[in-house]
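Chain letters run A, B, ... following the sequence lines, proteins first and then strands; every chain starts at 1. Atoms considered below: every heavy atom in the structure, side chains included; atoms not considered: hydrogens, waters and symmetry mates. Nothing here was measured: the structure is a model prediction, and the numbers come from that model.
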Protein chains: 2
Amino acid sequence: MPNSQYRYLQRHFSDLIRDNKLKSGTKLPSEREIGEAFKVTRVTVRQALQNLEAEGLIYRQNRRGWFVTPPAVVYDPASHLSFNRYVAEQGSTPHTEKLAQQVEPANAKIAQLMCITEGTPVLFLHRRRYINLRPILIEKMYINLDLLPGLENEDLSQSLSQLLQQKYQREYRDMDLSFKSTALPSHAANDLGISTGQAGLQVERINYTSDKKVLEIDYEFWRHDAVTINIAIRD
Amino acid sequence: MPNSQYRYLQRHFSDLIRDNKLKSGTKLPSEREIGEAFKVTRVTVRQALQNLEAEGLIYRQNRRGWFVTPPAVVYDPASHLSFNRYVAEQGSTPHTEKLAQQVEPANAKIAQLMCITEGTPVLFLHRRRYINLRPILIEKMYINLDLLPGLENEDLSQSLSQLLQQKYQREYRDMDLSFKSTALPSHAANDLGISTGQAGLQVERINYTSDKKVLEIDYEFWRHDAVTINIAIRD
DNA sequence: CAGTGGTCTAGACCACCAC
DNA sequence: TGGTGGTCTAGACCACTGG
């Protein structure tokens with residue numbers, strides 16, 4: 001039953017990648033070339049490629065081709081290290097790009113979570129993060145300006161955790177986390193330059209101060225193939 | 001650009017489901033019927049259905065058809081509640097089925113994680129868990145028999161956390177968690193009765209006793225559309 | 001048994017990318 | 001401009017499900 005042609009193809013490339021005969025970042029031959037080589041139609045080739053994409057072994061760049069996925073980064077949201085530190089420690093190069101920034105009135109949901117009155121100004125921050133020049137994460141954050149006055153005038157493409165520590169003597173401490181494995185919403189897929197409907201990992205995070213006030217609410221949209229989440233629970 | 005026919009179909013069903021005009025568990029019309037109704041081929045219909053599946057709105061049963069996905073369960077691995085309690089508290093009916101059970105010598109990896117010598121007997125347990133009769137989770141667990149002698153003679157389709165508490169006066173405490181959003185490996189997909197290559201959430205968990213010994217190592221394979229993970233981090 | 005989804009063929013046109 | 005992936009047609013046969 002699992003002896004279809006696309007499974008054969010899938011296995012073929014999966015073996016090549018695992019044996020490192022196709023290295024991270026390499027471009028695969030075009031769908032038509034693969035089809036000719038294996039005497040199957042493009043439909044069949046694409047079925048195999050899409051499954052490999054779901055496994056996280058390859059990914060596509062819109063109309064440019066298919067590429068071998070680089071290793072995933074290990075991310076521990078509960079550690080107090082910044083994204084930049086993580087990625088660097090794992091031997092890759094991080095980069096952060098600010099896409100938008102705006103002081104805006106808190107909507108009902110944010111206000112309720114932050115325990116502030118609706119309409120209080122909060123800082124909205126929209127960033128894209130890269131590993132080795134590959135965009136892998138979209139962040140949309142709502143930051144409590146009552147606790148961090150003047151933050152909107154800082155350079156917000158740098159590490160927020162460092163900024164909080166150095167300028168405000170604040171640290172990330174308690175947090176509520178939520179994870180969901182699902183297709184990325186179209187806004188996030190567009191920002192990442194991938195086609196809508198691709199699998200992703202959505203993370204919601206509420207950061208609290210040591211006196212239990214809400215510092216920041218994050219919505220993160222990760223490429224599913226770019227991250228493994230690790231958390232240590234210690235009572 | 002996002003105005004293709006399959007996106008139109010996708011939107012159509014997505015709206016029906018969100019407006020609850022197609023209720024949880026309902027079977028969709030057959031692919032051929034949908035194709036006729038919208039004057040498109042089955043290829044196009046399937047593209048739309050596969051995207052809806054990636055979004056977690058619908059799921060398939062092998063050669064039986066497409067169905068509207070029921071709401072996801074919220075799961076907190078760090079809470080000390082059992083799976084059964086969770087699911088019941090969220091208004092659904094849990095069920096656990098033991099697929100295999102075996103006392104076997106620890107392999108190198110398990111032995112290292114458990115800090116025992118390779119070949120020491122450990123209890124391997126393989127279970128399938130259901131919500132409202134829908135299989136949503138495969139567990140493969142390795143349990144430290146040094147800490148839980150005689151466990152292999154208990155009924156292992158019941159809640160392990162209750163068993164540990166009542167018979168051994170042990171509780172789950174510290175744990176290391178790892179999450180990865182990726183296609184389910186074929187063994188898990190088969191056990192869940194879904195086609196290989198479907199998206200899923202893989203969880204690895206190492207449970208420690210209060211004196212920091214490894215009680216149990218779990219590998220969990222969830223349907224991606226069946227669960228949202230929530231965790232509270234408190235320093 | 002009829003009907004379903006699973007797999008596959010052999011084409012086609014389009015939008016976009018790199019050269 | 002030639003080649004890429006993205007979308008789509010109009011069929012086909014198969015394996016399996018359900019009555």
Write down the distance between [atom1] ([X]) and [atom2] ([N]), rounded to a whole number of angstrom.
| X | N | atom1 | atom2 | answer |
| --- | --- | --- | --- | --- |
| A/N3 | D/dC16 | CG | P | 12 Å |
| B/L28 | C/dG3 | CG | C1' | 16 Å |
| B/F67 | C/dT4 | CZ | C1' | 10 Å |
| A/K39 | C/dC8 | NZ | P | 16 Å |
| B/R32 | D/dT9 | CZ | P | 16 Å |
| A/E31 | C/dC13 | CD | P | 19 Å |
| A/N190 | C/dC16 | CG | P | 13 Å |
| A/Y6 | D/dC14 | OH | C1' | 14 Å |

For the side chain of [X], counting heavy atoms from C-beta on, which of [options] is nearest?
| X | options | result |
| --- | --- | --- |
| B/K27 | C/dT4, C/dT7, D/dG5 | C/dT4 |
| B/N62 | C/dC17, C/dC8, C/dG6 | C/dG6 |
| A/R63 | C/dC16, D/dT9, D/dT17 | C/dC16 |
| A/W66 | D/dG5, C/dG6, D/dC8 | D/dG5 |
| A/Q47 | C/dG5, C/dT7, D/dT7 | C/dT7 |
| A/R42 | D/dC8, C/dT7, C/dA12 | C/dA12 |

Heavy-atom donor-acceptor pair, A/R60 side-chain to D/dG5 base, under 3.5 Å
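Not at all, since no donor on one side and acceptor on the other fall under 3.5 Å apart.
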
Does the side chain of [X] get closer than 4.0 angstrom to OP1 or OP2 of [N] through an N or O atom?
| X | N | result |
| --- | --- | --- |
| B/S30 | C/dT4 | yes |
| B/R64 | C/dG5 | no |
| A/R7 | C/dG6 | no |
| A/R46 | D/dG5 | no |

With heavy atoms under 4.0 Å as the rule, sort [X] into base, sugar-phosphate or nothing.
| X | result |
| --- | --- |
| B/E33 | sugar-phosphate |
| A/T44 | sugar-phosphate |
| A/Q5 | sugar-phosphate |

Under a 4.0 Å threshold between the charged nitrogen and the carboxylate oxygen, would A/R85 count as salt-bridged to A/E89?
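Looking at A/E89 and A/R85, the cut-off is met.
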
Given side chain to side chain donor-acceptor pair (under 3.5 Å), test A/S157 with A/D155 step by step and report yes or no.
CA-CA 6 Å; A/S157 64; A/D155 169 14; 2.9 Å; yes

For A/V40 and B/Q61, take the nucleotide of DNA chain C holding the closest heavy atom to each; which residue's nucleotide lies nearer the 5' end?
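Looking at DNA chain C, the more 5' nearest nucleotide goes with B/Q61.
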
Go ahead and name the base partner of D/dC8; Watson-Crick or wobble counts if both distances stay under 3.5 Å, otherwise write none.
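Here D/dC8 is engaged in a pair, and the nucleotide opposite it is C/dG11.
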
How long is the straight-line distance from CD1 of B/I143 back to CG of B/L164, given to the nearest 0.5 Å?
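So the CG of B/L164 and the CD1 of B/I143 are separated by 8.0 Å.
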
With heavy-atom distances below 4.5 Å as the criterion, would you say the side chains of B/K98 and B/H126 are in contact?
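Not touching, per the 4.5 Å side-chain cut-off.
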
Checking B/W222 now: which residues fulfil ring pair (Phe, Tyr, Trp, His ring centres under 6.0 Å) with it, not counting sequence neighbours?
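Expected list: B/Y75.
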
Could you walk me through whether B/E31 and B/W66 pass side chain to side chain donor-acceptor pair (under 3.5 Å), step by step?
CA-CA 9 Å; B/E31 298 176 355; B/W66 296 86; 3.0 Å; yes

